[in-house]
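Below is one structure, written out as structure tokens, with a few remarks after it.
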Amino acid sequence: MSAVIKIENLGKKYKLGSINSGTLREDISEFFREKLSKKKNPADSKKLQNEEFWALRNLNLEIEKGEKIGIIGANGAGKSTLLKILSRITAPTEGRIEINGRISSMLEVGTGFHGELTGRENIYLNGAILGMSRREVDSKIEDIINFSECRQFIDTPVKRYSSGMYVKLAFSVAAHLDSEILIMDEVLAVGDIAFQNKCLEKMSLLSSEQQRTILYVSHNMSTIRKLCTKCAVLSHGKLVYFGDVEKAIEIYSNTANVMRLKNDLRGIERKDSFTNYKVLIQEVEITGRTSNVLEYGEPITFKLLLLPKEKTSSIRLRCVIYNSSRNPIATSLSGELPELKINKENRISFSLNTKCLAPGKYRVKFELTHPDGYGSEEKYDFVSEAFYFEIIYASDSLSNLNWYPQFWGNIILPELEII
């Protein structure tokens, strides 16, 4: 098999505060942001212009024909920058790329569509961009419309489409027109569940039957497992692994440091007027782990370092869990804490049961309180975002399916009983 994509020493540098993105739209936006920042604070603007940021650096990669490649990494790892360079939306700063074949890409909702044109007209426009004749597009247009589920609106200007309709038509166009390489960012998350599964099945079919090469970026490890045959892990603009999917997910889980496993809070200024700060939370640490990524059902053990400033009694710890949208979804309350030594650091460990939490990303808030017995409480201290963690399904789990919090919520209740 021959390489359809060959990347050698690829690098992309941005000069913060300057106009050098490589795309007209981003340059215009950056021009006005720069003018505004100069008016507000000229000194900061001048300092920012001298800073350089490498979104990608020394990246080498070869992708063979027909491979289904997952690209994973934390936010800011360089995934979208890589796809933009491959799609020729922006130019690299250094290195070279060799691409053998036409590329069809979906990087964000509406990419490649003209808002004033109808869905049908945009299909022909995309075909022309790929070098296809009108007759060739004619032979595929019915399949495109049927797959997109947008027939009712196909002769409506796409500026009136919802984001879900955009994605459906855009994927259908990308999948059915003649291209050897299909590039997908996480835009499929906008569509409904049934259509997402339909897209994954279609991509697998395109790869196996038509030997199309697929590059797929996602934070959903279940879809990466389901679709991809190999996986690339990016971290801080560098390729840290390329190969087996399960190994890649393990490496990503261990390097995706959304937050340190230990959070030192000693230097934080306390200002809340409703908190008396009789006991301070000095430090929060997740123990017994090398990563804040858990498999479904795993408990978390964490250790708090507490500093009482005066004698207290009946202290309880409240742990409030927030979803990725920062909405509180669950609370766990401890029993009464043991007696604490005044003006000395006291270490206390807790275990948090996560069996009810669905796969997803979560934030944790800690509060130290003293209930007054009348339905209210005295608050001693709190930490709004003590740590983050992520829950994923185990690879051998019988329930290894995509979980959609926007439709199903973040809490998994006990199994339904048939009676």
Side-chain angles (χ1 to χ4, degrees), residues 3-27 29-30 33-34 44-64 67-100 103 105-108 111 181 183-187 213-219 221 224 228 230-245 247-260 290-293:
V4 293
I5 299 176
K6 188 174 182 180
I7 301 170
E8 295 179 352
N9 301 316
L10 183 67
K12 177 63 179 179
K13 178 177 69 176
Y14 292 97
K15 200 168 185 180
L16 301 183
S18 296
I19 302 172
N20 70 334
S21 67
T23 68
L24 179 61
R25 183 176 68 178
E26 292 176 14
D27 281 351
S29 299
E30 191 57 54
R33 279 198 296 270
E34 185 180 327
D44 286 349
S45 178
K46 188 174 181 180
K47 180 182 177 182
L48 194 63
Q49 286 182 3
N50 294 324
E51 293 185 23
E52 293 181 345
F53 170 71
W54 284 91
L56 292 172
R57 197 74 191 267
N58 298 327
L59 196 148
N60 293 276
L61 188 63
E62 282 194 24
I63 298 171
E64 305 294 331
E67 288 188 320
K68 294 173 284 187
I69 307 298
I71 302 175
I72 60 178
N75 290 333
K79 306 183 299 296
S80 296
T81 300
L82 174 59
L83 297 194
K84 285 181 179 180
I85 292 173
L86 291 175
S87 301
R88 297 186 177 91
I89 293 174
T90 189
T93 305
E94 62 184 21
R96 64 185 294 271
I97 299 175
E98 183 180 323
I99 300 174
N100 298 309
I103 290 179
S105 60
M106 280 181 65
L107 303 186
E108 58 186 52
T111 299
I181 303 164
I183 295 179
M184 293 279 146
D185 209 336
E186 223 172 359
V187 289
T213 304
I214 295 171
L215 275 65
Y216 179 60
V217 167
S218 179
H219 288 286
M221 296 302 107
I224 291 289
C228 302
K230 284 185 180 179
C231 203
V233 184
L234 296 184
S235 179
H236 303 291
K238 295 185 178 181
L239 181 70
V240 296
Y241 178 79
F242 180 60
D244 178 71
V245 173
K247 180 67 175 176
I249 292 174
E250 180 185 348
I251 291 171
Y252 165 59
S253 298
N254 291 331
T255 58
N257 292 320
V258 180
M259 188 173 184
R260 295 184 301 273
T290 58
S291 166
N292 54 5
V293 180

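- Thr213 contributes atom OG1, which lies 8.0 Å from atom CG of Leu215 (distance to the nearest 0.5 angstrom).
- For the atom pair CD1 of Ile214 and CD1 of Ile63, the computed distance is 11.5 Å after rounding to the nearest 0.5 Å.
- A donor-acceptor pair is defined here as one N or O able to donate and one able to accept, closer than 3.5 Å; no such pair exists between the side chain of Lys13 and the backbone of Ala55.
- At distances below 3.5 Å, at least one donor-acceptor pair connects side-chain atoms of Asn60 with backbone N or O atoms of Asn9.
- In this structure Lys230 satisfies the salt bridge (charged side-chain N to carboxylate O under 4.0 Å, His left out) test together with Glu67, sequence neighbours excluded.
- Residues Leu82 and Leu10 have side chains in contact (heavy-atom distance under 4.5 Å, counting atoms from C-beta outward).
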message: Determine whether Glu94 and Arg57 satisfy the following criterion, salt bridge (Lys or Arg N to Asp or Glu O under 4.0 Å), listing intermediate values before the conclusion.
response: CA-CA 9 Å; Glu94 62 184 21; Arg57 197 74 191 267; 3.2 Å; yes

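- Minimum heavy-atom separation, Ile183 to Ser87: CD1-OG, 3.8 Å.
- Between Thr81 and Tyr14 there is a side-chain heavy-atom pair separated by less than 4.5 Å.
- Listed for the Glu62 side chain is no donor-acceptor partner under 3.5 Å among the backbone atoms of Lys6.
- Here the shortest heavy-atom pairing between Leu239 and Ala232 reads CD1-CB, 3.7 Å.
- Considering CG of Leu61 and CZ of Phe242, their distance stands at 5.0 Å, rounded to 0.5 Å.
- The distance from atom CG of Asp244 to atom SG of Cys231, rounded to the nearest 0.5 Å, is 9.0 Å.
- Within the 3.5 Å criterion, the main-chain N or O of Val217 finds no donor-acceptor partner in the side chain of Lys79.
- With rounding to the nearest 0.5 angstrom, the CG atom of Leu56 is 9.0 Å from the CD1 atom of Ile7.
- Smallest separation of non-hydrogen atoms from Ile85 and Lys12: CD1-CB, 3.9 Å.
- Annotation: side chain of Leu59 is in contact with side chain of Leu234 (closest heavy-atom distance under 4.5 Å).
- A distance of 5.5 Å separates CG of Leu86 from CD1 of Ile99, quoted to the nearest 0.5 Å.
- Across every non-hydrogen atom of Tyr216 and Cys228, the tightest pair is CD2-SG, 4.3 Å.
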